[in-house]
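Just so it is clear, the values below take in all heavy atoms, side chains as well, and ignore hydrogens, waters and symmetry mates.
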Amino acid sequence: MSIEKVKENVYAITDGSTRGNVTAYVLPTQIVFVDSGMNIPLIKEFRKHVEQETGKKASILFITHEHGDHVFGNQAFEDCEIITSEFTHKEMLVSKEKNWSPEAIEEWKKNADDPSTLDGLKIALATKTFADEYELVDGDVKVIAKRTGGHTEGSSYIYCPNYNVLFAGDNLFNRQFPWGGPPSANPIKWIEALKEYLSLDIEHYIPGHGQISDKEPIDEFLVYLENVTSLIKEQIATGKSEEEILEQAEKIEYYPPREGREQWKNATLKKWYDVLST
Ligand SMILES: [Zn+2]
């Protein structure tokens, strides 16, 4: 694991060691973490490192959305307020019942690079929720959580206007094909979210997966997403079949999915087609 000091008061892990990226904003009197990855020992180490280096304590964990690779480390923040959107909280309740049974967790472990990273996993749920927006003020520093939808209906970005840093969660896969297949994924909301990210005064964008960037990869992703959705909509209007439309959409060039996730492209285009055709 490598802990990046993104800039003064902002830390992150984006090397894939925690699967989903994680971040810490150091505020005047406390530390706010965003997402908890799916490697319990590493997230505990990350928290300890930032606390020791700054002499401050973690108080809040924000969760961008409900996927296991962003929330399985929540228990490292059980003494903190855990804050997420109402939608994400509801999805986590459902997953806790259905998809995160002890047997299912054993399956997750089998697919982890090192199964011991999920030893003793307990799903820690949110202690506070917001419908669309939540604002935290500490001295003269603000942290804003805002739900946009896109990757999932609950997908929220967490940004600090004072530090000019925005954590986008899985609405950004930096220079990789995104995962757009979740049941509540929506390409139209996704486009609006990307436009909103670009409209803000941001120096560092932290994606859910991949490296920290400036605006450039977001511009590229926005162009791609707009091209794909326009093509799908135009072809639906001219009465083309789903098969023909997906074949055309497939040809629009963009970065491939990361290794081992090659099936993401077809599943994502199919999901976007389904949303645009209803
Ligand atoms: Zn996700």
Side-chain angles (χ1 to χ4, degrees), residues 10 20-25 27 30-36 59-71 74 77 80-96 123-138 140-173 178-202 204-209 215 218 221-222 225-226 229 271-272 275-276 278:
V10 184
N21 291 340
V22 298
T23 260
Y25 295 132
L27 308 187
Q30 60 193 316
I31 310 166
V32 167
F33 284 80
V34 186
D35 281 358
S36 66
S59 59
I60 291 174
L61 170 69
F62 282 104
I63 293 298
T64 57
H65 70 294
E66 63 273 16
H67 291 153
D69 53 341
H70 298 263
V71 305
N74 281 13
F77 301 93
C80 298
E81 194 89 83
I82 300 180
I83 305 178
T84 196
S85 66
E86 281 163 17
F87 185 93
T88 293
H89 178 58
K90 281 184 197 149
E91 288 294 305
M92 283 187 71
L93 283 172
V94 172
S95 289
K96 198 173 176 177
I123 304 294
L125 294 168
T127 54
K128 197 180 240 181
T129 61
F130 60 89
D132 296 313
E133 199 166 339
Y134 183 90
E135 190 176 294
L136 169 77
V137 182
D138 183 353
D140 54 1
V141 181
K142 256 188 212 174
V143 174
I144 297 163
K146 195 166 170 206
R147 187 180 71 84
T148 58
H151 170 69
T152 67
E153 184 61 20
S155 284
S156 303
Y157 65 88
I158 318 295
Y159 95 111
C160 178
N162 306 77
Y163 303 161
N164 309 97
V165 175
L166 185 152
F167 187 99
D170 281 359
N171 271 358
L172 286 183
F173 282 71
W179 172 228
S184 65
N186 184 311
I188 303 298
K189 291 181 182 179
W190 209 327
I191 286 172
E192 291 311 310
L194 296 176
K195 287 182 179 167
E196 198 166 317
Y197 301 166
L198 290 167
S199 75
L200 298 167
D201 181 19
I202 300 296
H204 300 286
Y205 291 92
I206 308 177
H209 300 270
K215 288 187 189 312
I218 302 164
F221 180 36
L222 177 60
L225 199 48
E226 285 184 322
T229 52
K271 175 67 193 179
W272 290 347
V275 173
L276 295 168
T278 48

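W190 has its side chain within reach of P178: a pair of non-hydrogen atoms, C-beta onward, lies under 4.5 Å apart. The side-chain heavy atoms of F167 and T64, taken from C-beta on, include a pair separated by under 4.5 Å. A heavy-atom distance below 4.5 Å is not found between the side chains of V71 and T88. In this structure the side chain of V143 reaches within 4.5 angstrom of the side chain of F62, judged on heavy atoms. Here the side chains of L200 and Y157 are in contact, with some heavy-atom distance below 4.5 Å. Between I191 and L222 the shortest side-chain heavy-atom distance falls below 4.5 Å. Contact annotation: the side chain of E192 never approaches that of T148 to less than 4.5 Å [non-hydrogen atoms, C-beta and beyond]. Side chains of M92 and N74 form a contact here, defined as non-hydrogen atoms less than 4.5 Å apart.
Nearest heavy-atom pair, C80 versus S59, reported as atom, atom and distance to 0.1 Å: CB-O, 3.2 Å. Of all non-hydrogen atoms in F221 and L172, the two that sit nearest each other are CD2-CD2, 4.4 Å. S85 approaches G154 most closely through the heavy-atom pair OG-O, 3.2 Å. The heavy-atom pair separating I63 from T84 by the smallest distance is O-OG1, 2.9 Å. The minimum heavy-atom distance linking K142 with C160 is given by the pair O-SG, 3.3 Å. Between G180 and W272, the shortest heavy-atom contact is O-NE1, 3.9 Å.
A side-chain contact (heavy atoms from CB on, under 4.5 Å) with Y159 is found for one member of I206, L166, N164 and no other, namely L166.
Going from atom NE2 of H67 over to atom CH2 of W179 covers 8.5 Å, rounded to the nearest 0.5 Å. Distance check: I123 CD1 to L93 CG gives 11.5 Å after rounding to the nearest 0.5 Å. Atom CG of L225 is separated from atom CG of L194 by 6.0 Å, given to the nearest 0.5 angstrom. Interatomic distance, CG of L61 versus CG of D35, reported as 7.0 Å (0.5 Å rounding).
In the model, D170 has a side-chain atom that pairs as donor or acceptor with a side-chain atom of H209 under 3.5 Å.
Every residue meeting the ring-ring contact (aromatic ring centres under 6.0 Å, His included) condition with F33, not counting sequence neighbours, appears here in chain and number order: F46, F77. Among residues two or more places apart in sequence or in another chain, the side chain to side chain contact (heavy atoms under 4.5 Å, CB included) test is passed with S155 by H65, H151, T152, N171.
Comment: K189 engages E153 in a salt bridge, judged by a side-chain N to carboxylate O separation of less than 4.0 angstrom.
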